[in-house]
Amino acid sequence: MDAAPETCVSTEWSAHALTEDRAERICDDLEQQGYSIQPSCLPPEVLAALQTQVMSLDDSAFFRAGIGRHAQHHTNDFVRSDEVCWMTGETPPGAAWLAWAEVLRTAINRRLFMGLFSFESHYARYRAGAYYKRHYDAFRGQTNRVLSLVAYLNSDWGIDDGGELVLYQNAEDRQGLRVTPLAGTVVVFLSEEFPHEVLPATRDRFSIAGWYRVNASNADAVDPPR
Ligand code: OGA
Ligand code: MN
């Protein structure tokens with residue numbers, strides 16, 4: 001008997017899941033150093049679908065990124081000049097990405113007991129010259145974002161194109177570790193521990209930034225809020 005269309009889609013993408021040994025390496029890194037940098041990590045079919053989608057998005061799908069959530073949300077040219085588009089599972093590429101991130105979430109919870117509860121992510125477009133100054137994705141005790149996940153979508157990215165992610169080891173580190181935003185590379189790090197920044201590039205730069213959160217629901221507020 002023929003399967004329902006939805007089942008076809010999810011079955012298809014489940015064939016492109018994170019491999020067990022790759023998940024294992026990410027967990028080893030997180031345990032030992034709090035971050036992991038994994039080149040050629042996104043499955044090629046998922047990567048291609050995401051690239052096609054992000055390139056075909058209309059300008060109106062993106063909005064200027066701001067700092068902070070809810071009431072504290074404001075745009076600030078000095079800190080960042082990228083544009084973002086929140087991802088949903090409503091399209092096949094979005095569904096594939098969320099399915100991939102879900103496999104990683106379960107693997108990390110099983111191995112490291114981080115209690116990761118939900119995931120939110122957006123496409124980010126950095127026009128040539130755009131940047132995101134040194135920042136933390138979360139501040140201790142102020143947010144429930146605990147683990148950051150970044151994936152790069154730029155084919156043929158060379159050293160001269162700039163746009164590196166600089167991952168600093170701690171508050172004092174001024175040198176940092178430079179990551180080339182080459183298609184397929186995935187970076188995972190503890191949101192409260194690693195300041196980081198995005199250097200300006202000579203051409204448009206596309207990435208996905210996502211955050212795993214722990215559940216902060218209480219009697220007065222259901223979490224996540226959207
Ligand atoms: C972010 C971020 C890094 C990148 O969106 O918070 O740090 O390399 N992105 O795109
Ligand atoms: Mn960040």
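Just so you know, ligand 1 is whichever comes first in the structure, and atom 1 is the first atom listed for that ligand.
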Check your understanding: Taking atom CZ of F194 and atom CG of D173, what is their separation to the nearest 0.5 Å?
Key -> 10.0 Å
Review point. Going by distance alone, is a donor N or O of one side chain under 3.5 Å from an acceptor N or O of the other, for N154 and R205?
Key: no
Check your understanding: So does E197 pair up with R178, basic N to acidic O under 4.0 Å?
Key -> no
Practice item. With heavy atoms only and a cut-off of under 4.0 Å, state how F189 meets ligand 1: side chain, backbone, both or neither. Key: neither
Practice item. Considering only non-hydrogen protein atoms, determine which one is nearest to atom 9 (N) of ligand 1 and report residue, atom name and distance to 0.1 Å. Key: Y126 OH, 3.9 Å
Point to revise | Top protein contact for atom 3 (C) of ligand 1, by heavy-atom distance | key: V198 CG2, 3.5 Å
Point to revise | Mode of D137 contact toward ligand 1 - side chain, backbone, both, neither (heavy atoms, under 4.0 Å) | key: side chain
**Study point:** Subset of ligand 1 atoms that lie under 4.0 Å from at least one heavy atom of A209
**Key:** 5 (O)
**Study point:** For atom 1 (C) of ligand 1, the protein heavy atom that lies nearest, with its residue and separation
**Key:** Y132 CE1, 3.7 Å
Study note, to complete from the structure: Taken to the nearest 0.5 Å, the spacing of L47 CG from L153 CG works out to 6.5 Å
Point to revise | Within-shell test, H135 vs ligand 1, heavy atom, strictly < 4.0 Å | key: yes
Exercise for review: Using distance alone, determine whether S207 and ligand 1 share an N or O pair under 3.5 Å.
Suggested key: yes
Revision key, fill the gap. Residue, atom and distance of the protein heavy atom nearest atom 8 (O) of ligand 1 read Y152 OH, 2.5 Å
Review point. Within 45 degrees of the axis of the six-membered ring of Y168 and under 6.0 Å from its centre: does R134 put its NZ or CZ there?
Key: yes
Review point. Are V179 and V150 close enough that some pair of their side-chain heavy atoms sits under 4.5 Å apart?
Key: no
Review point. Can you tell me how far the CD1 atom of I108 sits from the OG atom of S36, to the nearest 0.5 Å?
Key: 9.0 Å
Revision key, fill the gap. Ligand 1 atoms nearer than 4.0 angstrom to some heavy atom of H196 are 7 (O)
Check your understanding: Donor-acceptor pair, D204 side chain versus R127 backbone, under 3.5 Å?
Key -> no
Point to revise | Salt bridge flag under 4.0 Å for residues R25 and D21 | key: yes
Check your understanding: When you measure from the side chain of R105 to the backbone N and O of L116, does any donor-acceptor pair fall under 3.5 Å?
Key -> yes
**Study point:** Cluster link L190 to L165, ILVMFWY, side chain under 4.5 Å
**Key:** yes
Review point. The Mn ion (ligand 2): which protein N, O or S atoms are under 2.8 Å away?
Key: H135 NE2, D137 OD1, H196 NE2
**Study point:** Proximal ligand 1 atoms for W211, defined as those under 4.0 Å from one of its heavy atoms
**Key:** 6 (O)
Review point. Heavy atom under 4.0 Å from ligand 1: found in R205's side chain, backbone, both, or neither?
Key: side chain
Check your understanding: Side chains of W100 and V186: does their closest heavy-atom pair fall under 4.5 Å?
Key -> yes
